[in-house]
There are 2 protein chains.
Amino acid sequence: MLLSKSCVYGLRASLYLAARDENGYVPIREMSDKLEISFHFLTKILQQLTGEGMLESYKGPNGGVRLTRSGEDISLMEVVMAIDGDYMLTECALGLPGCGVMKPCPIHEKWAETRDGIRDMLESTTLTELTKKGKDFDLRITAEGGFRDLM
Amino acid sequence: MLLSKSCVYGLRASLYLAARDENGYVPIREMSDKLEISFHFLTKILQQLTGEGMLESYKGPNGGVRLTRSGEDISLMEVVMAIDGDYMLTECALGLPGCGVMKPCPIHEKWAETRDGIRDMLESTTLTELTKKGKDFDLRITAEGGFRDLM
DNA sequence: AAGTTATAAGACTCTTAAGTCTTAAAATAG
DNA sequence: CTATTTTAAGACTTAAGAGTCTTATAACTT
């Protein structure tokens, strides 16, 4: 799998937060219910995003988490890097250590081009762009439900 | 990781076979030694490729495995499909079941384009193309050694 | 025929990702 | 102050991929 499950859940949660444009704190319990993700597991993932500064959290009643910046300014890449790190964009396709321009494997060059395609997509796509599309066309954010059910 | 370890080992072994252009059978033990892959593990992987008809095997002394066709006619895609299957080219980026044009997630479209890039690369690259490059520039096929050491 | 070299198959172990559960600590509402 | 709602942290369990080991079987060499 290209992205780990943690990362995928992190992306869905980030989209959920961006979609709720009232910018109050959103309880993790609410998100785990709506997105059908284990509460404790989601909590762990969101803690990573909080640690990276993408989210901020607040304890107590009416607490929860929220984006620190506008969803317009947050790319998918930011979420992926916070959770999965950059292995996807640096790792050799043949698994050879230290593969790079200095000591390439035969697939290195072609793989690097392909990877750039992935990188560009992740970097150029923002949360808001996707939530807008999601709301306009009622696309899916959970196994069954679309954006409109959710809000 | 985009490709499983099994798949990566399968690719390296396939390249090894394509690089040994004398078309006799190559003992798995020789490959596992040269490529620094566990013999038993590599055996399993090659059995999958044999099962898919990409390799043929021969038992007894002077036995081993060999490509059933010329390396020019075998794409990386063929190896990847035989070992990892098509999940990479069909799976939803948000992990939603049955994501597709009918019931897309908000990333579906962009992700499909990116995936096409991967697909094209894997389909258009042949084993021979890579072994030729590997031999010409003595590129790496193992952690330390290049193609020239190997043959 | 006997011994050797090889693949075939599957049980088994190890490691890591995925997921759960428990306890602690913060902050607010009443 | 106290009860409640929430995040925080980390131990723990489960599941899956990665890797090892053992036994069986095929086929060649002498």
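Lettering follows sequence order; numbering is per chain, from 1.
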Visitor: Reading DNA chain C from 5' onward, which residue's closest nucleotide shows up sooner: A/Tyr58 or B/Arg29?
Guide: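 Nearest nucleotide further toward 5': that of B/Arg29.
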Visitor: Would you mind reading off the distance between B/Gln48 atom CD and C/dA9 atom P, rounded to a whole angstrom?
Guide: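 After rounding, the gap between these two atoms is 12 Å.
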Visitor: If you only use heavy atoms from C-beta on, which nucleotide in D/dA18, C/dA8, C/dA18 is closest to the side chain of B/Thr43?
Guide: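 The closest nucleotide is C/dA8.
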Visitor: Report the distance from atom CD1 of B/Ile28 to atom CG of B/Leu46, rounding to the nearest 0.5 Å.
Guide: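 If I round to the nearest 0.5 Å, the distance is 5.0 Å.
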Visitor: Salt bridge between B/Asp33 and B/Arg29, side-chain N to carboxylate O under 4.0 Å?
Guide: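 The answer is no: the pair does not qualify as a salt bridge.
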Visitor: Tell me the interatomic distance from A/Phe41, atom CZ, to D/dA8, atom C1', rounded to whole angstroms.
Guide: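 Distance check: A/Phe41 CZ to D/dA8 C1' gives 17 Å.
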Visitor: Which whole-number value in Å describes the distance from A/Leu42 CG to C/dC21 C1'?
Guide: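 Roughly 16 Å, once rounded to whole Å.
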Visitor: For B/Ser4 and for A/Asn62, locate the closest nucleotide of DNA chain D by heavy-atom distance; then report the residue assigned to the nucleotide nearer the 5' terminus.
Guide: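 Here A/Asn62 is the residue nearer the 5' end.
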Visitor: How far does CG of A/Asp84 sit from OG of A/Ser4, to the nearest 0.5 angstrom?
Guide: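 Between A/Asp84 CG and A/Ser4 OG, I get 3.5 Å after rounding to 0.5 Å.
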Visitor: Check every strand shown and say whether B/Ile28 touches a base, only sugar-phosphate, or nothing at a heavy-atom separation below 4.0 Å.
Guide: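 B/Ile28: backbone/sugar contact only, no base atoms under 4.0 Å.
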Visitor: If only side-chain N and O atoms of B/Tyr9 are considered, is one of them under 4.0 Å from the OP1 or OP2 phosphate oxygen of D/dG19?
Guide: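 Checking D/dG19 against B/Tyr9, a side-chain N or O does come within under 4.0 Å of OP1 or OP2.
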Visitor: Please report the interatomic distance CG(A/Leu94) to OH(B/Tyr9), rounded to the nearest 0.5 Å.
Guide: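 Taking CG in A/Leu94 and OH in B/Tyr9, the distance rounds to 11.5 Å.
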Visitor: Within this structure, what is the CG-to-C1' distance between B/Asp84 and D/dA18, rounded to whole angstrom?
Guide: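 It works out to 13 Å between those atoms.
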Visitor: Quick check: on DNA chain C, is the nucleotide nearest A/His40 upstream (toward 5') of the one nearest B/Lys59, or the reverse? Name the residue that is more 5'.
Guide: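 Result: B/Lys59.
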Visitor: For the side chain of A/Pro61, starting at C-beta, report the closest nucleotide among D/dT5, D/dT6, D/dG19.
Guide: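 When the side chain of A/Pro61 is considered, D/dT5 is the closest of D/dT5, D/dT6, D/dG19.
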Visitor: In whole angstroms, how far is the P atom of C/dA6 from the CD atom of B/Gln47?
Guide: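 Roughly 16 Å, once rounded to whole Å.
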Visitor: OP1 or OP2 of D/dA8 less than 4.0 angstrom from a side-chain nitrogen or oxygen of A/Ser57, does that happen here?
Guide: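 Yes, because at least one side-chain N or O of A/Ser57 sits under 4.0 Å from OP1 or OP2 of D/dA8.
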Visitor: Measure from CG on B/Leu35 to C1' on D/dG19 and round the result to the nearest Å.
Guide: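 To the nearest whole Å, that distance equals 16 Å.
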Visitor: To the nearest Å, how far apart are A/Arg66 CZ and D/dT6 C1'?
Guide: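 Rounded to the whole Å, the gap is 15 Å.
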Visitor: Is the shortest side-chain N/O distance from A/Ser38 to OP1 or OP2 of C/dT20 below 4.0 Å?
Guide: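 Yes, because at least one side-chain N or O of A/Ser38 sits under 4.0 Å from OP1 or OP2 of C/dT20.
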Visitor: Taking 4.0 Å as the cut-off, does a side-chain nitrogen or oxygen of B/Lys44 come that near to OP1 or OP2 on D/dG19?
Guide: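 No.
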Visitor: Using the ring of each side chain (for Trp, its six-membered ring), is A/Tyr25 parallel, tilted or perpendicular to A/Tyr58, with breaks at 30° and 60°?
Guide: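 Because their plane-to-plane angle is under 30°, the rings of A/Tyr25 and A/Tyr58 count as parallel.
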Visitor: Does B/Tyr25 reach a base, just sugar-phosphate, or nothing at all? Heavy atoms under 4.0 Å.
Guide: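 Touches nothing.
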Visitor: If I take atom OH in residue B/Tyr87 and atom P in nucleotide D/dA16, what distance separates them, rounded to the nearest angstrom?
Guide: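 After rounding, the gap between these two atoms is 16 Å.
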